[in-house]
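Note that the structure is a prediction, hence the values are computed from the model and not measured.
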Amino acid sequence: MASSSSSGLTFKLHPLVMVNISDHYTRVKSQMNPPVTSTSCSNTNGNGNGEGGDSAAVKAPAPPPRVYGCVIGVQRGRTVEIFNSFELLYDSATDSLDRAFLLKKQELYKKVFPNFYVLGWYSTGSDAEESDMHIHKALMDINESPVYVLLNPAINHAQKDLPVTIYESEMHVIDGIPQLIFVNSSYTIEHSFIAVAAHLTSIHSAIKMLNSRIRVLHHYLVAMQKGEIPYENSLLRQVSSLLRRLPAIESEKFQDDFLMEYSDTLLITYLAMFTNCSSTMNELVEKFNTAYDRHSRRGGRTAFI
């Protein structure tokens with residue numbers, strides 16, 4: 001693998017992408033390793049004379065899972081800005097992504113984010129693997145030069161940089177054979193208030209579209225109830241299944257999770273604003289220091305700070 005890319009592209013990664021990938025990985029990992037409840041522990045320890053209970057309770061930890069998805073955004077000239085991402089289904093038997101699911105998700109996101117395009121894909125792991133190149137090549141019909149965002153979920157307290165690597169693919173001649181390999185690309189984290197406002201605008205557009213679709217469905221059901229159109233049992237079963245899921249959303253756990261996520265979003269927004277304000281103040285102080293330094297050479301004044 002080459003050390004760095006020679007394409008000359010500038011990558012800007014938004015924090016929302018890292019949050020989405022981390023959330024995707026955490027959910028999949030928690031589903032693979034569910035927490036042991038007190039009931040199951042008491043039942044396990046209560047087997048006869050207690051022998052064999054410990055061996056049943058202790059299980060070998062499962063290997064860390066890998067999650068996959070697409071990253072979307074825009075490219076303006078030589079600048080590639082990654083705004084958002086969505087999850088994909090992976091078939092471990094064929095080492096490939098679910099193509100039908102990918103095209104369906106791409107179509108849905110295109111309606112909500114008409115200016116965003118599929119820029120590449122993401123995964124989790126400590127380093128790019130050989131099988132990753134097969135997935136990378138499979139996406140080249142959607143984007144001829146896709147990017148690969150890799151998040152390392154392993155915790156390393158000594159590491160100061162973000163555990164995110166962006167790869168590009170380049171054709172290199174190795175042992176006289178041209179091969180497509182991954183190369184590292186540098187990137188910057190985009191945390192401006194404008195980006196947050198754009199994301200909130202996109203969410204507002206998505207909610208607005210969802211509301212319009214619900215209105216269409218409501219008018220259709222009313223017309224069916226009045227006998228203006230014939231009954232469609234398959235559609236009524238789907239609506240009934242959807243309505244049965246609604247009471248679960250009003251649970252106390254959902255409210256707690258929603259408030260926590262809302263607070264985290266506000267915290268990220270405030271942090272971006274403070275960072276932007278600090279940067280502006282730093283530039284202002286530097287200008288004052290430069291101006292007073294010039295005056296000090298003439299009249300003996302000291303610097304502002």
Side-chain angles (χ1 to χ4, degrees), residues 5-25 66-91 96-124 128 132-151 162 164-171 180-210 212-213 272:
S5 170
S6 59
S7 64
L9 294 176
T10 301
F11 291 94
K12 294 182 179 181
L13 183 64
H14 285 252
L16 179 63
V17 179
M18 295 182 288
V19 173
N20 288 345
I21 300 175
S22 178
D23 176 70
H24 187 189
Y25 173 83
R66 297 196 70 190
V67 296
Y68 301 87
C70 274
V71 292
I72 59 177
V74 295
Q75 180 174 355
R76 303 181 183 92
R78 308 299 296 174
T79 301
V80 179
E81 197 164 357
I82 305 175
F83 280 93
N84 206 341
S85 63
F86 59 86
E87 303 171 11
L88 292 178
L89 300 178
Y90 176 74
D91 187 0
S96 61
L97 301 174
D98 190 331
R99 191 70 176 187
F101 185 79
L102 167 59
L103 297 177
K104 183 178 179 180
K105 293 285 286 186
Q106 182 185 8
E107 181 182 358
L108 292 175
Y109 267 79
K110 195 64 178 176
K111 295 179 180 178
V112 180
F113 307 103
N115 297 325
F116 288 178
Y117 297 90
V118 174
L119 300 176
W121 63 293
Y122 73 78
S123 182
T124 54
D132 294 343
M133 184 55 70
H134 300 291
I135 301 176
H136 196 79
K137 292 180 180 179
L139 293 175
M140 285 186 172
D141 59 339
I142 298 178
N143 189 317
E144 61 181 10
S145 183
V147 298
Y148 176 24
V149 180
L150 181 66
L151 173 68
L162 291 173
V164 177
T165 308
I166 293 183
Y167 294 106
E168 293 181 80
S169 56
E170 291 183 354
M171 188 68 69
L180 196 65
I181 63 173
F182 288 120
V183 293
N184 289 328
S185 297
S186 59
Y187 65 92
T188 58
I189 301 298
E190 184 67 25
H191 49 71
S192 64
F193 178 75
I194 298 177
V196 177
H199 174 60
L200 294 178
T201 302
S202 301
I203 294 179
H204 177 265
S205 300
I207 297 176
K208 187 177 180 181
M209 177 174 291
L210 177 61
S212 64
R213 297 294 175 86

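- Across all their heavy atoms, Y148 and S123 have their closest contact at OH-CB, 3.5 Å.
- Shown here for L150 and R66, the closest heavy-atom pair between the two residues is CD1-NH2, 4.1 Å.
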I would like to know whether V147 and L9 meet side-chain contact (heavy atoms from CB on, under 4.5 Å); could you show each step before the answer?
CA-CA 11 Å; V147 298; L9 294 176; 6.0 Å; no

Give every donor-acceptor pair under 3.5 Å between a side-chain atom in residues 113-122 and any protein atom, sequence neighbours left out.
from : atom 1 : to   : atom 2 : distance (Å)
W121 : NE1    : H136 : ND1    : 3.1
Y122 : OH     : H24  : ND1    : 2.8

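- The closest side-chain heavy-atom distance from I82 to I166 is below 4.5 Å.
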Show your working on side-chain contact (heavy atoms from CB on, under 4.5 Å) between Y167 and N184 and close with a plain yes or no.
CA-CA 5 Å; Y167 294 106; N184 289 328; 2.7 Å; yes

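- Of all heavy-atom pairs spanning S85 and I72, the tightest one is N-CG1, 4.2 Å.
- Aromatic ring pairs are classed by plane angle as parallel below 30°, tilted from 30° to 60° and perpendicular above 60°; the pair Y90 and Y68 is parallel.
- With rounding to the nearest 0.5 Å, the separation of CD in E168 from OG in S145 is 6.0 Å.
- Taking the side chain as every heavy atom from C-beta outward, I21 and M18 never approach each other to under 4.5 Å.
- Shown here is R78, whose CZ atom has more than 12 heavy atoms of other residues, nucleotides or ligands within 6.0 Å.
- At a threshold of 4.5 Å between non-hydrogen side-chain atoms, the residues V74 and E81 count as touching.
- Y187 has its ring centre no less than 6.0 Å from the ring centre of F11.
- If you take CG on L151 and OG on S22, they are separated by 6.5 Å, rounding to the nearest 0.5 Å.
- Side-chain atoms of L13 and L162, non-hydrogen and from C-beta on, never get closer than 4.5 Å to each other.
- Without hydrogens or angle criteria, S212 side chain to M209 main chain gives a donor-acceptor distance under 3.5 Å.
- Take D98 and apply the side-chain contact (heavy atoms from CB on, under 4.5 Å) test, not counting sequence neighbours, and it matches L89, A100, F101.
- In this structure, Q106 contributes its side chain and L108 its backbone to no donor-acceptor pair below 3.5 Å.
- Here L139 contributes atom CG and L97 contributes atom CG; the two are 6.0 Å apart, rounded to the nearest 0.5 Å.
- Within 6.0 Å of NZ on K104 lie no more than 12 heavy atoms contributed by other residues, nucleotides or ligands.
- The structure places CG of L88 at 10.0 Å from CZ of R99, a figure rounded to the nearest 0.5 Å.
- Put simply, the side chain of E87 does not reach to within 4.5 Å of the side chain of V67, judged on heavy atoms.
- How far OG of S169 is from NZ of K137: 9.5 Å, rounded to the nearest 0.5 Å.
- Closest non-hydrogen pair, A128 versus F182, comes out as CB-CD1, 4.0 Å.
- Using a 4.5 Å heavy-atom threshold, the side chains of M140 and L180 count as touching.
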